[in-house]
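These values consider heavy atoms only, across backbone and side chains, with no hydrogens, waters or symmetry-generated copies. In each ligand, atom 1 is the first atom listed, and ligand 1 is the first ligand listed.
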Amino acid sequence: MLEKDIERTLYSREEIAAKTKELGQKITADYADKTPLVIGILKGAIPFMAELVRDIDVYLEMDFMDVSSYGDALVSSGEVKIVKDLDTNVEGRDILIVEDIIDSGRTLNYLVELFKYRKANSVKLVTLLDKPEGRVVDLTPDYFGFHVPNEFVVGYGLDYKDRYRNLPFVGVLKPEIYESNS
Ligand SMILES: O=P(O)(O)OC[C@H]1O[C@H](OP(=O)(O)OP(=O)(O)O)[C@H](O)[C@@H]1O
Ligand SMILES: [Mg+2]
């Protein structure tokens, strides 16, 4: 049903699963002697994080934070707002932030600085998608799944007006979806 709104698939469910497994193996090796606090950034990170943590084989804890800079818009407002903070004290912890996408970099840049200010021992980023052409701040993820072209993408957590997060692959919407107002 949702597929009818998609113009083009960029990454299939199978490609994403294989890439996630690869990332999980790297993270397992890098955190072998640590117990990271894995922080998912709501809501987009949920599908990827759910899959990724099952591919990481070290003791870890999970927490979630909700920040928003997009709302319903296609471009970032530039202002990052904390909607829900962590339940966990990050002082001395090894943080692994999980995201669905890094675009302008503003959200992640804000969070990295925040966790450093809160005295985390280390802060690393893993993102399913990286859109380097969208960057307005200098930020490089420690781990990423795919480089995406400079287009608005949906699926696997990524939304347009809060929809399409449950699409089991990443794709580009048909232009008429943006033109219609439903
Ligand atoms: O690099 P940036 O330009 O900051 O963009 C990336 C952020 O924007 C999206 O979140 P959004 O604010 O749309 O919240 P959502 O995850 O609930 O959709 C996405 O999930 C990232 O968190
Ligand atoms: Mg969004």
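Taking the side chain as every heavy atom from C-beta outward, M49 and V38 approach each other to under 4.5 Å. Looking only at side-chain heavy atoms (C-beta outward), I177 and E179 stay at 4.5 Å or farther from each other. Using a 4.5 Å cut-off on side-chain heavy atoms (C-beta onward), V58 and P36 make contact. When side chains are defined from C-beta on, V170 does not count as touching T9, because their heavy atoms never get closer than 4.5 Å.
Within the set D100, T127, T107, I102, the minimum heavy-atom distance to atom 7 (C) of ligand 1 is found for T107. Looking at S68, S104, G157, G44, it is S104 that brings a heavy atom closest to atom 3 (O) of ligand 1.
Ion pairing between E151 and K131 fails under the 4.0 Å rule for side-chain N and carboxylate O.
For ligand 1 and D159, the ligand atoms under 4.0 Å from any heavy atom of the residue are 18 (O). For ligand 1, the atoms lying closer than 4.0 Å to a non-hydrogen atom of K43 are 15 (P), 16 (O), 17 (O). Interface atoms of ligand 1 facing L42, defined by a heavy-atom separation under 4.0 Å, are 16 (O), 17 (O). Distances below 4.0 Å separate heavy atoms of E99 from the following atoms of ligand 1: 20 (O), 21 (C), 22 (O).
Of the polar atoms of L108, none of the N or O atoms is found under 3.5 Å from an N or O of ligand 1, judged by distance alone.
The closest approach between any non-hydrogen atom of R165 and ligand 1 is below 4.0 Å.
Within D159, the N, O or S atom lying nearest to the Mg ion (ligand 2) carries the name OD1.
Contact annotation for I101 and ligand 1: heavy atoms of both the backbone and the side chain come within less than 4.0 Å of the ligand.
D162 lies apart from the Mg ion (ligand 2) in this respect, since none of its N, O or S atoms is found at a distance under 2.8 Å.
Aromatic rings of Y11 and Y156 (six-membered ring for Trp) have centroids beyond the 6.0 Å cut-off, not under it.
Taking the ring axis of Y143 as reference, the NZ or CZ atom of K124 does not stay both within 45° of it and closer than 6.0 Å to the ring centre.
A donor atom on one side chain and an acceptor atom on the other are not found under 3.5 Å apart for D57 and T28.
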